[in-house]
Amino acid sequence: MTLLKKTGILTLFFSVAIISFFSSIVLSSDIKKINKEELMKMMSNEDVSIIDVRRGKDWSSSEFKIKKAVRVDPSKFSEWANSFPKDKTLVLYCA
């Protein structure tokens, strides 16, 4: 098996794992979708952390970025997941 093929298989595996993880979170009944008006009301609250999980080109080519948002790499969830206080409201956005 070539290195390129192995890399492709690993990439596919990690992509499926990440999608599965985020899907399980989204299916949770504790997760609430909000619109931009609701988010604007929340932005002045110090107990709210806004997390931008857009990838590469989606982020860099966008002219819309939320000033208070912290950008993280969604594929490195295990590296940043515990860096946010558990007693705050987390708002993740990707589009």
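Just so it is clear, the structure is predicted and the values come from calculations on it, not from any experiment. For this chain, numbers begin at 1 and follow the sequence in order. What you see below is based on every heavy atom in this structure, not just the backbone, and it leaves out hydrogens, waters and symmetry mates.
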Inset, instruction - Any chance you could measure Arg71, atom CZ, to Arg55, atom CZ, to the nearest 0.5 Å? - result: 10.0 Å
Legend entry - Residue pairs involving residues 58-69 (criterion salt bridge (charged side-chain N to carboxylate O under 4.0 Å, His left out); sequence neighbours excluded): none
Legend entry - Where at least one partner belongs to residues 83-93, residue pairs that pass salt bridge (charged side-chain N to carboxylate O under 4.0 Å, His left out), sequence neighbours excluded: none
Inset, instruction - Begin from the C-alpha positions of Phe84 and Val70 and carry the test side chain to side chain contact (heavy atoms under 4.5 Å, CB included) through to its verdict. - result: CA-CA 10 Å; Phe84 295 96; Val70 176; 4.2 Å; yes
Legend entry - Of all pairs that satisfy salt bridge (charged side-chain N to carboxylate O under 4.0 Å, His left out), the ones with a partner from residues 43-52, not counting sequence neighbours: Asp52-Arg54
Inset, instruction - Would you indicate whether the side-chain heavy atoms of Ile50 and Leu39 approach each other to under 4.5 Å? - result: yes
Inset, instruction - Any chance you could measure Asn35, atom CG, to Lys41, atom NZ, to the nearest 0.5 Å? - result: 8.0 Å
Inset, instruction - Identify whether Trp59 and Ile51 are in the same connected component of the hydrophobic contact network (ILVMFWY, side-chain heavy atoms under 4.5 Å). - result: no
Legend entry - Backbone of Ala69 reached by a side-chain donor or acceptor of Tyr93 within 3.5 Å: no
Legend entry - Within one Ile-Leu-Val-Met-Phe-Trp-Tyr cluster: Met40 and Ile34, side-chain cutoff 4.5 Å: no
Inset, instruction - Determine whether Thr89 and Asn45 make a side-chain contact, defined as any pair of heavy atoms from C-beta on separated by less than 4.5 Å. - result: no
Legend entry - Within 6.0 angstrom of Met43 CE, more than 12 heavy atoms from elsewhere: yes
